[in-house]
Number of protein chains: 2
Amino acid sequence: MCELIYPEDMSSKAFSSVWLREPRKATSPGRSREEIVRAAIELLQEEGLAGLSMRKLGARLSAGATSLYWYVANKDELLELAYDEVWGEMTVPDPEEVGWRDSASALAHSMRQVILRHPWSADLIGRLPALGPNALRVTDRMRRMFKVAGFEGPDIDFANATLTAYVFGMTIPEIAWNTATRNSAYDADQMRDMVRNAAAEFPDVLESLDLDIYTDPQAIRELCFDFGLTSMLDGLGRRLAA
Amino acid sequence: MCELIYPEDMSSKAFSSVWLREPRKATSPGRSREEIVRAAIELLQEEGLAGLSMRKLGARLSAGATSLYWYVANKDELLELAYDEVWGEMTVPDPEEVGWRDSASALAHSMRQVILRHPWSADLIGRLPALGPNALRVTDRMRRMFKVAGFEGPDIDFANATLTAYVFGMTIPEIAWNTATRNSAYDADQMRDMVRNAAAEFPDVLESLDLDIYTDPQAIRELCFDFGLTSMLDGLGRRLAA
DNA sequence: ACCTGAACACCGTTCAAGT
DNA sequence: ACCTGAACACCGTTCAAGT
């Protein structure tokens, strides 16, 4: 229904990444970039992505909002820095020791848990490139993992992309639903009734509402995640065998 | 490094969905909700998610910004309505005719293309529940598809979730990268050099930069998408065979 | 039933001016 | 080298008041 239009200025300012320019040489005292990022993450944990404003962050550091602009070019750069800290919490077990499949599986679970612990980062995945040192480190170890598995050339990157796509794609909507229901004025029962009502015309969807998301959401989501992960890894394994 | 804290008020107001309350009965003239949604989508196509404001939308409809609040409770509801229109463009071929695997594959490609055509919708996936009639229709047809394939009970939903997770997870960062580079002050070559520089310490990542994203991004992404999709469907197929 | 404008409580960012 | 406050150009949303 819509034409394919690519706006010249999506955000009316040119893109640039903190990671793609020379770092300001670390000078001595006053506030530090690390301190600012740490405070930003605190604020993000407490109030979510929408709760972080330069003004509030300044206040938390007992500084003027605009002082921060000496350490960081703009808010997006600050978010890039915070985002990379999240990547820093993901772990990739050594595939040489545990085998590529266990390594991949553990990484997938680690990624999911880390994102669930930092719900604000879910929105950033679709907004910021992951070019920080922590993100690159994870990518590097993943590539090694899939090399050990036996992939070669571009397939290594394709396998990388496939695994992360699956984990992110499973986890991002999970978080959306979590925050929505947590902020909801209704309890789980009311919620189910309303959804059932909305889905009244779709018998196949209705059918799933009773088993699904509502009974023990947490447990079912784990099952679902493992189901997809197993399928995914089976599929990758089959490719290696062929 | 951070505690698991769930803020009471992520956005400081309770969640509710347009789809979960009785629709205002359609009265006659003046502006209509459809008209507003149509104009909103135009604006979204032209200027992206950040470019849509109630004020600009009002102006485009030669109305006061606040008139819109008679048709829609808030901006998020408006976005839900626009978001569901996107789902309306996704197609699921009849699995009885083409078989579940071709049906799934065609749906996956359709989803990807639709999101690529509406980059603004990528951000909404992680923010709004997909409870509109179009989203439900797609979900319903997907469920039927996986039933035809032979899945039963919760596995039907798990297969659904797995497929959508893969497609969204692959496409969302793709869009993030697209918009970033389109808005960038640098061309592809400069970009590659800067990324290479950022990744200097990670030999395995470096290794991939030459084949990868830069040579013919479009074509490589298709290859990558098909690689993961095939793996995914192979994995699901294996489960059916077992 | 529909629309308006003024007003409230916010934003990110720039920039001249201070120390 | 670092920090400030004022100012600019925006936001979403409420609400009394109009027709």
Side-chain angles (χ1 to χ4, degrees), chain A residues 9-16 18 22-36 39-40 43-44 47-82 120 123-124 127-128 183, chain B residues 9-16 18 22-36 39-40 43-44 47-82 120 123-124 127-128 183:
Chain A
D9 55 334
M10 202 85 159
S11 65
S12 81
K13 63 164 187 285
F15 165 78
S16 72
V18 223
E22 287 304 311
R24 184 188 300 282
K25 58 186 168 299
T27 48
S28 45
R31 263 164 283 276
S32 73
R33 187 181 258 191
E34 288 74 39
E35 194 187 348
I36 291 172
L43 205 43
L44 288 165
E47 308 195 26
L49 193 55
L52 173 69
S53 78
M54 299 303 267
R55 285 169 156 90
K56 276 202 247 180
L57 182 57
R60 175 176 285 247
L61 293 162
S62 10
T66 55
S67 318
L68 308 173
Y69 284 86
W70 197 85
Y71 295 93
V72 124
N74 50 45
K75 193 184 178 182
D76 269 4
E77 278 204 7
L78 181 59
L79 289 173
E80 273 192 286
L81 293 164
W120 48 272
D123 291 305
L124 300 181
R127 213 155 88 194
L128 304 172
N183 290 0
Chain B
D9 54 335
M10 203 84 160
S11 65
S12 83
K13 63 163 186 283
F15 165 79
S16 72
V18 224
E22 288 303 312
R24 184 187 300 282
K25 57 186 171 299
T27 48
S28 46
R31 262 164 283 275
S32 73
R33 186 181 259 192
E34 289 75 38
E35 195 187 347
I36 291 172
L43 206 42
L44 287 165
E47 308 196 28
L49 192 54
L52 173 69
S53 77
M54 299 304 268
R55 285 169 156 89
K56 275 201 248 179
L57 182 56
R60 176 176 284 248
L61 293 161
S62 9
T66 55
S67 319
L68 308 174
Y69 284 86
W70 197 86
Y71 296 93
V72 125
N74 51 43
K75 194 185 177 183
D76 268 3
E77 278 203 8
L78 181 59
L79 290 173
E80 273 192 287
L81 294 164
W120 48 273
D123 292 303
L124 300 181
R127 214 156 88 192
L128 303 173
N183 291 358

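Labels below follow one simple rule: chain letters A, B, ... track the order of the sequence lines, proteins then strands, and each chain is numbered from 1.
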Original post:
Which atom pair, heavy atoms only, marks the closest approach of A:Ala65 to A:Arg55?
Top reply: CB-CA, 3.5 Å
Original post:
Roughly how far, to the nearest 0.5 Å, is CG of A:Leu44 from CG of A:Asp123?
Top reply: 10.5 Å
Subject >> Spacing between A:Leu68 atom CG and C:dG12 atom C1', to the nearest angstrom >> reply: 11 Å
**OP:** Enumerate, in order of first residue number, the stems that involve DNA chain C, defined as 3 or more consecutive Watson-Crick or G-U wobble pairs with both distances under 3.5 Å.
**Re:** C:4-8 with D:12-16, C:12-16 with D:4-8
Subject >> Which nucleotide in D:dA1, C:dT4, C:dA1 has an atom nearest any side-chain atom of B:Ala63 >> reply: C:dT4
Original post:
Rounded to the Å, how far apart are B:Glu77 CD and D:dT13 C1'?
Top reply: 13 Å
Original post:
Distance check: side-chain N/O of A:Tyr69 vs OP1/OP2 of D:dC2, anything under 4.0 Å?
Top reply: no
Original post:
In whole Å, what separates the C1' atom of C:dC10 from that of D:dA9?
Top reply: 13 Å
**OP:** Whole angstrom is fine here: how far is it from CH2 in A:Trp70 over to P in C:dA16?
**Re:** 19 Å
Subject >> Euclidean distance, atom CG of residue B:Leu43 to atom C1' of D:dG12 [Å, nearest integer] >> reply: 15 Å
Subject >> Nearest heavy atoms of B:Lys56 and B:Gly51, plus distance in Å >> reply: NZ-O, 3.1 Å
Subject >> Euclidean distance, atom CZ of residue B:Arg33 to atom P of C:dC2 [Å, nearest integer] >> reply: 13 Å
Original post:
Would you find a donor on one side and an acceptor on the other, under 3.5 Å apart, between the side chain of B:Arg33 and the backbone of B:Tyr71?
Top reply: yes
Subject >> Nearest atoms (heavy-atom pairs only) where B:Leu68 meets B:Gly58 >> reply: CD1-N, 3.9 Å
**OP:** Would you check if A:Ile36 and A:Val72 make a side-chain contact, meaning some heavy-atom pair closer than 4.5 Å?
**Re:** no
Original post:
Considering only the C1' atoms, how many Å lie between D:dC2 and C:dA16, rounded to the nearest integer?
Top reply: 15 Å
Subject >> Within-4.5 Å side-chain heavy-atom neighbours: B:Leu49 and A:Arg127 >> reply: no
Subject >> Which residues share a side-chain contact (heavy atoms from CB on, under 4.5 Å) with A:Arg60, sequence neighbours left out >> reply: A:Ala39, A:Glu42, A:Leu43, A:Glu46
Are any protein N/O atoms closer than 3.5 Å to N/O atoms in nucleotides 7-11 of chain C? If there are, list each pair with its distance.
unit_1	atom_1	unit_2	atom_2	d
C:dC11	OP1	A:Ser53	OG	3.3
C:dC11	N4	A:Arg55	NH2	3.3

Original post:
To the nearest 0.5 Å, how far apart are CG in A:Leu57 and NZ in A:Lys75?
Top reply: 9.5 Å
